2 protein chains.
Amino acid sequence: MAPTLLIVEDDPALAELLVWSFEAEGYKVLQTPDGEEALLIAAETPPDAIILDWMIEQLSGIEVCRRLRRHPELASVPIIMLTARGEEEDRIRGLETGADDYVTKPFSPRELIARLAAVMRRTRPALAGQTMRIEDLELDPVAHRVRRDGKEIALGPTEFRLLQHFMERPGRVLSRGQLVTGVWGHDSDIEERTVDVQVKRLRAAINSTGGRDMIRTVRSAGYSLG
Amino acid sequence: MAPTLLIVEDDPALAELLVWSFEAEGYKVLQTPDGEEALLIAAETPPDAIILDWMIEQLSGIEVCRRLRRHPELASVPIIMLTARGEEEDRIRGLETGADDYVTKPFSPRELIARLAAVMRRTRPALAGQTMRIEDLELDPVAHRVRRDGKEIALGPTEFRLLQHFMERPGRVLSRGQLVTGVWGHDSDIEERTVDVQVKRLRAAINSTGGRDMIRTVRSAGYSLG
DNA sequence: CAACTCAATGACAGTTCTGTGACAGCGCCT
DNA sequence: AGGCGCTGTCACAGAACTGTCATTGAGTTG
């Protein structure tokens, strides 16, 4: 599932640029120019991160930040502050208030995206690129979880390793021999036919929720995912 | 316990200033001017955070960063990069490599301290004294209290440390080995199966009030909370 | 279509891994 | 000393997972 982002920015041109940039990165973006409304939106659908302009109407960014931190549901949502001022005092106040990072205008969208990714990598490892995804199938190696279409799928250890091996090489046809050494290890004396059985088990698991068979059998060559 | 900091900086004057500043803040500080040595120290006694100069001898800061990220034990240690260059390209490369934040020279120690605090608040809430919460389970490291659904839960010392370790890494699967070194310490010669027993005790405690089992067993991998 | 090759399946027995209860040792307090 | 709470280890039972095999089924070729 795409991570949701709330952008609070009252300069229409900049707001549009940001929305566009982050949507291109695959984020689901909510946006408002207004501090009060930002709090309402955040309470309604807690985003995975917030981009907050220091100078906005109604409530100052710093006040929004403070209130977010006081809200138990939202206290742990990462916040990146945007500010035109470069003075150190302001940066420090921002950080002390609970912002996780802060970016000085002018900045390029690319930098902001990189910073957000850094923050997300920390707070939501599952959302920040660690997770591998192919169509509606996702594998989070850190949490050791697999989902298809959002529904969790239970896999045994070998099935998990096998799937991980496939997902690291999407679309590629892997021979039984390659799979044996890759998944079972160099020195295993496993029967090659055993691969068939594990593939069958993996198939049963990831197709149990319905949906097409994502593993393709390539006769006399091997298997591929995707 | 004071959080440990590793400072990698080859300018002696700056290094000394940083060591002094952070020790005054109550951190335990390790320091080296050398990239290779930094990796060794980090592997030996994983610090709670790393301050890393971009331009250092032997290995560039960026390379050190990359290697740290590849090391499983150290992958989640927050890194703040120090750089004299202000070019955006470098910042982005730094962040993409896995740094959590980056500070441009010249900077005041006070700003660096504020930034480190912001990063730590996010990654090691316990060190910042913040109470951590996962669903209806909360742990207050300062008061040494644990509650589930508002009801207080009594834990033994080891159970408490184990739970804290889990809550600092929610959702993450931790191997028995990682738990032994993380909860019992590097040099303990504890039987790995002992982890099972403590997990069982912890489970019994936090599930005693009713509610689902929050600890997930991941066969042949370890346990995770959440 | 028949022969042949390769893949899918179901059954199964062996192995590996986890959950548990029991127990002895330790440090602390009374 | 005796009681108490906490810990680490062990042994055992049960659960989960795995590799193999025999059989069935699908695809290919002449």
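Quick caveat: nothing in here was measured; it's all calculated off a predicted structure. Note on naming: letters A, B, ... go to the chains in the order of the sequence lines (proteins, then strands), and numbering restarts at 1 for each one.
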Discussion item. Distance check needed: dT9(C) P versus L202(A) CG, whole Å only.
Written reply: 13 Å
Worksheet entry | Length of the line joining F160(B):CZ and dT7(D):C1', which is rounded to integer Å | 18 Å
Worksheet item: Is there a donor-acceptor contact under 3.5 Å from the side chain of R145(A) to the main chain of P141(A)?
Response: no
Item to complete: Taking only Lys NZ, Arg NE, NH1 and NH2, and the carboxylate oxygens of Asp or Glu, determine whether E135(A) and R212(A) approach each other closer than 4.0 Å.
Response: yes
Discussion item. Could you tell me how far apart L162(A) (CG) and dC17(D) (P) are, to the nearest whole angstrom?
Written reply: 15 Å
Discussion item. Heavy-atom count check: over 12 atoms from other residues, nucleotides or ligands less than 6.0 Å from H186(B) NE2?
Written reply: yes
Worksheet item: Does OP1 or OP2 of dT7(D) have a side-chain N or O of T158(B) closer than 4.0 Å?
Response: yes
Worksheet entry | Letter per nucleotide, 5' to 3', of nucleotides 20-30 of chain D [B base touched, S only sugar-phosphate touched, - untouched; heavy atoms, 4.0 Å] | BB-----BS--
Practice prompt. Select from G156(B) and G156(A) the residue whose nearest nucleotide in DNA chain D is closer to the 5' end of that strand.
Written response: G156(B)
Worksheet item: Closer than 4.0 Å, any side-chain N/O of W184(A) to the OP1 or OP2 of dT18(D)?
Response: no
Worksheet item: Checking all strands, does Y223(B) fall into the base, sugar-phosphate, or nothing category for heavy-atom contacts under 4.0 angstrom?
Response: sugar-phosphate
Fill in: Nucleotide dA11(D), atom C1' - distance to CG of D196(B) in whole Å
14 Å
Worksheet entry | Length of the CG-C1' vector between N207(A) and dT9(C), whole Å | 15 Å
Worksheet item: Is a side-chain donor or acceptor of D140(B) paired with a backbone partner of V142(B) at a separation under 3.5 angstrom?
Response: yes
Discussion item. With a 4.0 Å cut-off on N to O distance, would you call R201(A) and E159(A) a salt bridge?
Written reply: no
Discussion item. Under a 3.5 Å threshold, yes or no: a donor from one side chain and an acceptor from the other, between R203(A) and T217(A)?
Written reply: yes
Worksheet entry | Whole-Å distance separating the CZ atom of R203(A) from the C1' atom of dT9(C) | 12 Å
Worksheet entry | From CA spacing to verdict: side chain to side chain donor-acceptor pair (under 3.5 Å), R176(A), Y223(A) | CA-CA 8 Å; R176(A) 294 183 173 73; Y223(A) 300 93; 3.3 Å; yes
Worksheet item: Rounding to a whole Å, what distance do you find between Q198(B):CD and dT20(C):C1'?
Response: 14 Å
Worksheet entry | Residue-level proximity of residues 164-183 of chain A to DNA chain C when a heavy atom falls under 4.0 Å | R176(A)
Worksheet item: Looking at K28(B) and E23(B), does any basic side-chain N land under 4.0 Å from a carboxylate oxygen?
Response: no
Practice prompt. Quickly work out the R161(B) CZ to dC6(D) C1' distance and round it to whole Å.
Written response: 11 Å
Practice prompt. Would you mind telling me which residue lines up with the more 5' stretch of DNA chain C, S220(B) or K200(B), judged by nearest nucleotide?
Written response: S220(B)
Practice prompt. For the pair D149(A) (side chain) and K151(A) (backbone), establish whether a donor and an acceptor sit closer than 3.5 Å, ignoring hydrogens and angles.
Written response: no
